[in-house]
2 protein chains.
Amino acid sequence: MKPTIKDIAAETGFSIATVSRVLAEKRGSYSDKTRDRVLKVAKELGYRKNTLAMELVKKKTDVIAVIVNVTPTNFSNGIIDGIQERATALGQQVIILYAGNRNHALQHQAIITALERSVSGILLMAIEPDKDDLRLLTEARTPFCFVSVNLADERIKSVSSDNYQAAYQATEYLIAHGHRRIGLVGIDQYHTGSQRRSGYQAALKDNHIQGKASWIQMGDYSYQAGQAAFKPYQQMAVTGVVAASDMTAAGLQKAAQINGLELPMALSVVSIDGTLICDIATPALTSITQDFTRIGIESVNCLVGENATQLVPVTLTERDSVMKYVE
Amino acid sequence: MKPTIKDIAAETGFSIATVSRVLAEKRGSYSDKTRDRVLKVAKELGYRKNTLAMELVKKKTDVIAVIVNVTPTNFSNGIIDGIQERATALGQQVIILYAGNRNHALQHQAIITALERSVSGILLMAIEPDKDDLRLLTEARTPFCFVSVNLADERIKSVSSDNYQAAYQATEYLIAHGHRRIGLVGIDQYHTGSQRRSGYQAALKDNHIQGKASWIQMGDYSYQAGQAAFKPYQQMAVTGVVAASDMTAAGLQKAAQINGLELPMALSVVSIDGTLICDIATPALTSITQDFTRIGIESVNCLVGENATQLVPVTLTERDSVMKYVE
DNA sequence: CTGAAAGCGCTAACAT
DNA sequence: ATGTTAGCGCTTTCAG
């Protein structure tokens, strides 16, 4: 059996209360001699605190649960790094619960799991909640914050990049390079996708370009979504494309090249993300770069009640995937 | 205050024991009528079970902790998928603890965290343990298994690809394509790296090629490690390279292209991993492909005592990054 | 500075 | 089928 404070108490002759105090470092409530003796015996016995028991009596935990929707793209690592960094600084542990990809049952279950573990806060990453999820979250008294998804509801906390701006800037960049037939590929039907669509459409409109519905190719931010869009784009003679993710951009470029196009001459691409994939792809992808670490950090801030930036700005990173278009 | 079984007991008039029984679905120990009443009140009150309390009294949890070393490459997602899949089938939850990259303090702390939470098992992914880690793990009575690292110690459980074979096959493939000056880039000094080095060296030896120490460029499996190796390789006129990861391979190819080389004519590359990066890179990377999902599944099996495959076989996937070499 | 005692929310004998 | 009771390992008054 694992040793408990009782064993230490028996061994040292102190009461369990005293042992508890030194182990919890309640300073000023025990003498140095007592402390040394307790610590020594604890070490000898190979004592490990039972966090479960502690959390039960304290009725609080120092753990933040991150529930992540596993999108078929690769942006999440940076965010998790940021979360980890800030959480550690605040003395919180981080546990990550994977919820599959757009899997309602798993997603709901993950929220319940987090709630039943009495975590101190819940971060929902790339998650689109349904009514039940939202009810569950609001009824519990656990703080929560959506990450990388902006639900466009003032009452619900979220931290994400400015999706509208991201798409707007990407589209404008292509327009500034002479493109007039501009696609948007890989976005989904949810909040993030819709916001990017709005930004894209606004940029077209502000520049007096009459967009076509077919220029928007829906998808799931994946490499495959990019590949699949190439043929349609070729048929409609699109010259520049805003891709919803680096993965999607890479897929589109690859399909174009396999079909004999010379890039970026025959097709310009701007991706949204700015991960290492941009450097790996050929030509290197010009991107709207998200500040993932910052998003992670701010989301933890949001959770602990500090006022956090809810819309993290994006920046443009020029690489080699866009070429000036001349008729 | 959150409602507890006490509240349900008070409301229904039953004892807490009965409430506990129906909530825990101890079938046969309560009537249908009782169950309906209890469940109804539980729902009305918005009752959520306190997992902490349950785990404390049961002295066991149904959670597997995955401690992951964040390597600067991208192989881990597939493994986690496999772990998740198998764990869910076994009724276990999965929590993931990030331990930074080769950060001894964080790594040790993560093990302690897992132990103090009384998890049912610990999976250590891409982790190189030191003496203290190993002592901690063996002294606790918690099952553990190393994943994607083979410690070459019969007494310590691990599941990984056959690193020796992976490097051997990659090297032989290049030799079969006429290469004689073959590099190995991106490996580290730890077990995985050493095992791959052995396989590489054995393949050279078996084919009567006298290797040079400088053909081996150490690294950390990163994109940057690949980039950094290009110049040295160019100077020593290496014609084929085995890369320790897809990321490293991509970095090497990119550096070569930036320096004006035509690939794969001027340099052939085989990578070890076989992730989507292989398709994104240009030319698409021929790879020794690891079965990540299988590794994840087997590692969970290993934990729960089923006899698991400890060395998961790799396969060769031909793409476009290797060209026949002729003098 | 230390100890005794009362729980945290739940489960598991042991009764009935 | 249900209730009573005794904890799980820890923290925290309240006394002294």
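The sequence lines fix the lettering, A, B, ..., with proteins before strands; numbering per chain opens at 1. As the structure is a computational prediction, the values presented were derived from the model and not from experiment.
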Suppose we screen for side-chain hydrogen bond (donor to acceptor under 3.5 Å, both in side chains). Which residues come up paired with B:Q93, at least two apart in sequence or across chains? A:R117
Do you know the tightest heavy-atom contact between A:A126 and A:F75? CB-CZ, 3.9 Å
May I have the distance from A:K60 (atom NZ) to D:dT11 (atom C1'), rounded to whole angstrom? 13 Å
Could you tell me whether A:T4 contacts a base, only the sugar-phosphate backbone, or nothing, with contacts defined as non-hydrogen atoms closer than 4.0 Å? sugar-phosphate
Row check, A:F14 ring normal vs A:R21 NZ/CZ: under 6.0 Å, within 45°: no
What is the distance, to the nearest angstrom, from the CZ atom on B:R117 to the P atom on D:dG9? 17 Å
On DNA chain D, check which nucleotide each of B:S29 and A:I16 is closest to and give me the residue with the more 5' one. B:S29
Rounded distance (Å) that lies between atom P of D:dC8 and atom CG of A:D7: 11 Å
CG of A:L23 versus P of D:dC10: gap in Å, rounded? 8 Å
Would you kindly give the NZ-to-C1' distance between A:K6 and C:dA5, to the nearest whole Å? 13 Å
So what does B:S31 hit on the nucleic acid, given a heavy-atom distance under 4.0 Å: a base, only sugar-phosphate, or nothing? sugar-phosphate
Position toward the 5' end of DNA chain C (nearest nucleotide), B:L56 or B:K26: B:L56
Nearest whole Å is fine: how far is C:dG9 P from B:L52 CG? 11 Å
Whole-Å gap separating C1' (D:dT2) and CD1 (B:I8): 16 Å
Distance in angstrom units between B:E25 CD and C:dT11 P, rounded: 12 Å
Looking only at N and O atoms, is any donor in the side chain of A:R48 or the base of D:dG9 less than 3.5 Å from an acceptor on the other one? no
Hydrogens and angles aside, do B:D130 and B:H104 bring a side-chain donor and acceptor to less than 3.5 Å of each other? yes
